[in-house]
Structures are given as structure tokens and as C-alpha cells.
Number of protein chains: 2
Amino acid sequence: MAKPMDVKNCTNFNLRKAARVVTHLYDETLKPSGLRSTQYSLLTVLSLGGAETISNLAHKLVMDRTTLTRNLKPLQLQGWIKRVPGEDRRTRVWTITAQGRKVLAQALPLWQKAQKDTVSLLGKERWNGLLDHLKLTVQKVGLG
Amino acid sequence: MAKPMDVKNCTNFNLRKAARVVTHLYDETLKPSGLRSTQYSLLTVLSLGGAETISNLAHKLVMDRTTLTRNLKPLQLQGWIKRVPGEDRRTRVWTITAQGRKVLAQALPLWQKAQKDTVSLLGKERWNGLLDHLKLTVQKVGLG
DNA sequence: CATTAATATGAGTATATACACCTATTTAGA
DNA sequence: TCTAAATAGGTGTATATACTCATATTAATG
């Protein structure tokens, strides 16, 4: 059993370190598509969920609203998403464009490869366990 | 069993999301010390490992060398670390200062609280599993 | 109905991350 | 020894992340 007060067992440090190495694998694999891994996630959410306000997206992705403002910008500049006025004059709704769906379709097999490679590296059992623990972590720590 | 090709099960997305929520908890808890969670990790490594080159640190932390160049800067500006010439005229060695040790000592109980709170939220068993999976992930995916 | 609350968003600032490219120094080999 | 390769480090640029503060609009309330 790991000892919580040993610095080597810092939850945050180990999480960020793992995120670095995994993001590197996904970014590298997605490179031919021109998408970063984070951008792939964003585009996918937009492609599945339809038009969404930035606040909705932020809540769904457990991400700060202002982070999304910056993250959506390069996608917009590439013409992969566009912003249209919402019903409420305060809100703006983001939708994926045809170009966005196109680049996403090209990225899909690459993402699938990244997933497959990760499962291969970890083993199916371990990969399942990792995902399980991560989801529980978001659930338990998230709304604190 | 989670299905790898379901976007909701993207290893990278779930890892980054978990990192966001956990980092938020640690940053919030560490706030009175004036340290961010990442800075706490860096200072701790420097306090334990003695003088290190930036390349050594990067390897140890599984982090890009140039990331460290930027991350060390605010710590240097605060006077918590300092850079001295190494034996080789190419190398520069980083060491923690007395002020750095002081702020680290103040941050220690806060970090301990963050660890304790995280274990409480996840449960000891789950927390151990999470850490275990994260370490294995770094090990297996890291040197790819 | 006028004022206040709440909601939706963006901008300024700062840190975190890393790739591509560059310089300086040391080491290895011809 | 002289030169090419390896090593150590930094800068420019771009994205990722989020806090604080500011603005616009809507909803609530006296």
C-alpha cells in the first residue's frame, strides 16, 4: 500500500505526469490530422452534442469557462467551428462546421490507433482499471 | 468493461479531466503558501535531490526540458531557487535557497492536507489503485 | 417599474506544456 | 589536431489552463 505522505505518492504530481506522457502519445498519433488531442476532444463533443454555449461546454468538460474561450479560438480560426448568436442575447452558440466534421473524420482512425496502442501498452485489464479510477476521481473530487 | 472506441473512454481526455479537478483541489489547498501545486512538486524535488541540471530534472520529472526552463523562472524570481554554474561550462545547476526551504516548510502541512482530503474523497483502497495505475501508465507509455 | 440578482461572456494576466530552431561547449574520430 | 557528432541550454511560438475583473443582458423582487 502506498503511503499518502510520501511525496513520491502525490496524487496531483502523478496525475499530471501521466497526463503528460499520454498526451504526448495522442498528440503524436493525431499529428497527421492537424489536430491536437485536446482539440480532437473538443471537436468530438461539439460534433455529438450539437450547438452549445460555452458555459454548457465548460460544465460538460469539467473545464473552466475561460479556458474554453481560448481553446476554441484556434478551432475557429481554422474554420472547424463557428459561433452564432443564441436565443438569449447574452449567449453565443458554438457549432461544428462541415470542415470541422471533415477533419474529425480524418482524425478518427488516428484517435482509434492511439486508443488501441494505449490499451496494448497497458493491457486491457489495466487500461480498464485506469479509466475506471479516473472517472471515479472526477466524480468524487470534481464537484468538491 | 469499457469499450476503447467509445469517445467517452478516451484515455487522454479522462486523464486530463482528472488532472484538472485534482490540480484544482491541490492549488486551492496550497494557496495560503503562495505555491502552485506544480511549483510545490518542483521545489520538493529540488529540496530532496540537491543540485541538478535542467536536463536531469526533466528526465526525472518526465517533462520536456524547455517546459522546465519556463517553470523554474517564477521560482527563481521569488528567490526560492537559484542557478549556479556547473562543472561543465555548458551546464547550470539549480538549487533550492533558504527562502525556498522556508516556503516549502510552510506548504508541507497544506500538501499533506490535500493528500489526506484526496484519500478521504476516493477512499484508501481506490486512492491506492489510482496511484498504482498512474505509475504503471507513466512506466509503460512514458518511454515509448 | 426601478433596482438588484443572477447569468453569460470576454479580456488581462500568469503559469504549464512542448515543438522547432538556435548557440555554446565538449567529446569522438578521422 | 581538426572536424563532426553529441551534449547542455535557451528563445520564439503556440496551445492549455484558470483566476480576477469588467461588460452586457436577463430575471427577480421590492
Side-chain angles (χ1 to χ4, degrees), chain A residues 12-13 15-28 30-31 34-43 51-59 61-78 80-81 83-94 142, chain B residues 12-13 15-28 30-31 34-43 51-59 61-78 80-81 83-94 142:
Chain A
N12 188 59
F13 175 62
L15 247 177
R16 293 183 75 90
K17 189 162 56 172
R20 283 196 294 272
V21 301
V22 170
T23 293
H24 187 270
L25 186 152
Y26 278 71
D27 278 350
E28 202 61 32
L30 283 171
K31 201 170 232 175
L35 284 175
R36 300 257 195 121
S37 56
T38 305
Q39 303 176 333
Y40 178 82
S41 299
L42 270 183
L43 267 188
E52 301 215 56
T53 66
I54 215 166
S55 295
N56 272 352
L57 272 177
H59 183 265
L61 302 176
V62 194
M63 185 180 288
D64 191 88
R65 179 180 53 77
T66 65
T67 299
L68 271 174
T69 301
R70 317 301 162 110
N71 286 2
L72 292 178
K73 189 150 295 178
L75 300 181
Q76 183 184 27
L77 290 176
Q78 292 285 338
W80 296 330
I81 61 176
R83 196 184 73 172
V84 294
E87 303 201 346
D88 194 320
R89 231 181 312 179
R90 288 171 297 183
T91 63
R92 295 105 208 251
V93 196
W94 291 88
Chain B
N12 188 59
F13 175 62
L15 246 178
R16 293 182 75 89
K17 188 162 57 171
R20 283 196 294 273
V21 302
V22 170
T23 293
H24 187 271
L25 185 152
Y26 278 70
D27 278 349
E28 202 61 32
L30 283 171
K31 201 169 230 174
L35 285 176
R36 300 255 194 122
S37 56
T38 305
Q39 302 176 334
Y40 178 81
S41 298
L42 271 183
L43 266 189
E52 301 217 56
T53 66
I54 215 168
S55 295
N56 271 352
L57 272 177
H59 183 264
L61 302 176
V62 193
M63 185 181 289
D64 191 89
R65 179 179 53 77
T66 66
T67 299
L68 272 174
T69 302
R70 317 301 163 110
N71 287 3
L72 292 178
K73 190 151 294 181
L75 300 181
Q76 183 185 26
L77 289 176
Q78 291 286 338
W80 296 329
I81 60 176
R83 196 183 74 173
V84 293
E87 304 201 347
D88 194 319
R89 232 182 311 180
R90 289 171 297 184
T91 63
R92 294 106 209 251
V93 199
W94 291 89

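Note that this is a predicted model, so its numbers are computed, not measured. Per chain, numbering begins at 1; letters A, B, ... match sequence-line order.
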K.L.:
For Phe13(B), enumerate each residue passing the ring pair (Phe, Tyr, Trp, His ring centres under 6.0 Å) test, keeping only those at least two apart in sequence or located in another chain.
P.N.:
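Once residues adjacent in sequence are excluded, Phe13(B) has no partner under the ring pair (Phe, Tyr, Trp, His ring centres under 6.0 Å) criterion.
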K.L.:
Could you give the distance from CG (Leu61(B)) to NZ (Lys17(A)), rounded to the nearest 0.5 Å?
P.N.:
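Leu61(B) atom CG to Lys17(A) atom NZ measures 7.5 Å (nearest 0.5 Å).
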K.L.:
Please list, chain by chain and in numerical order, all residues satisfying side-chain contact (heavy atoms from CB on, under 4.5 Å) with Glu28(A), sequence neighbours excluded.
P.N.:
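Here the qualifying residues are His24(A), Lys31(A).
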K.L.:
If only side-chain N and O atoms of His24(B) are considered, is one of them under 4.0 Å from the OP1 or OP2 phosphate oxygen of dC19(D)?
P.N.:
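Yes, within the criterion.
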K.L.:
Please report, rounded to the nearest Å, how far the C1' atom of dA11(C) is from the CG atom of Leu72(A).
P.N.:
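Taking atom C1' of dA11(C) as the reference, CG of Leu72(A) is at 16 Å.
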K.L.:
Would you mind reading off the distance between Gln78(B) atom CD and dT15(C) atom C1', rounded to a whole angstrom?
P.N.:
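Whole-Å distance recorded here is 12 Å.
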K.L.:
Does Asp64(B) or Glu87(B) map to a spot on DNA chain C nearer the 5' end, using the closest nucleotide for each?
P.N.:
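Result: Asp64(B).
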K.L.:
Can you measure Asp27(B) atom CG to dA18(D) atom P for me and round it to whole angstrom units?
P.N.:
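The distance from CG of Asp27(B) to P of dA18(D) comes to 9 Å, rounded to the nearest Å.
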K.L.:
side-chain contact (heavy atoms from CB on, under 4.5 Å) with Arg89(B): which residues, sequence neighbours excluded?
P.N.:
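Expected list: none.
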K.L.:
Would you mind reading off the distance between Asn71(A) atom CG and dG10(C) atom P, rounded to a whole angstrom?
P.N.:
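Result: 13 Å.
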K.L.:
What distance separates Asp27(A) CG from Tyr40(A) OH, expressed to the nearest 0.5 Å?
P.N.:
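Atom-to-atom, Asp27(A):CG and Tyr40(A):OH are 13.5 Å apart.
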K.L.:
Kindly determine whether Leu35(A) and Trp80(A) satisfy side-chain contact (heavy atoms from CB on, under 4.5 Å), including the steps that lead there.
P.N.:
CA-CA 11 Å; Leu35(A) 284 175; Trp80(A) 296 330; 3.4 Å; yes
K.L.:
Could you verify whether a donor N or O on one side chain and an acceptor N or O on the other, from Arg92(B) and Thr53(B), lie under 3.5 Å apart?
P.N.:
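No, no side-chain donor-acceptor pair sits under 3.5 Å.
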K.L.:
If a protein heavy atom is under 4.0 Å from the base, mark B; if only from the sugar-phosphate, S; if neither, -; do that for nucleotides 3-14 of chain D going 5' to 3'.
P.N.:
----BSBBBBB-
K.L.:
How close or far is atom C1' of dA16(C) from atom NZ of Lys17(A), stated in whole angstroms?
P.N.:
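Atom NZ in Lys17(A) sits about 16 Å away from atom C1' in dA16(C).
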K.L.:
Specify the glycosidic conformation (syn or anti) of dA5(C), with syn defined as within 90° of 0.
P.N.:
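This nucleotide is in syn.
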K.L.:
Quick one: bend of the helix from dA6(C)-dT25(D) to dA30(C)-dT1(D) from 5 pairs per end, to 10°?
P.N.:
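Rounded value for the end-axis angle: 10°.
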K.L.:
Establish, with yes or no, whether the OP1 or OP2 oxygen of dA24(D) is under 4.0 angstrom from a side-chain nitrogen or oxygen of Arg89(A).
P.N.:
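No.
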K.L.:
List the atom pairs, with distances to 0.1 Å, where a side-chain N or O of residues 65-74 of chain B and a protein N or O form a donor-acceptor pair under 3.5 Å, not counting sequence neighbours.
P.N.:
{"unit_1": "Thr66(B)", "atom_1": "OG1", "unit_2": "Asp64(B)", "atom_2": "OD2", "d": "2.6"}
{"unit_1": "Thr69(B)", "atom_1": "OG1", "unit_2": "Arg65(B)", "atom_2": "O", "d": "3.4"}

K.L.:
Rounded to the nearest Å, what distance is computed from the CZ atom of residue Arg20(B) to the P atom of nucleotide dA16(C)?
P.N.:
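To the nearest whole Å, that distance equals 17 Å.
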K.L.:
What integer distance in Å separates Leu77(B):CG from dA14(C):P?
P.N.:
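Interatomic distance, CG of Leu77(B) to P of dA14(C): 11 Å.
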K.L.:
Can you tell me the distance, in whole Å, between the CG atom of Leu43(B) and the P atom of dT15(C)?
P.N.:
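Atom CG in Leu43(B) sits about 14 Å away from atom P in dT15(C).
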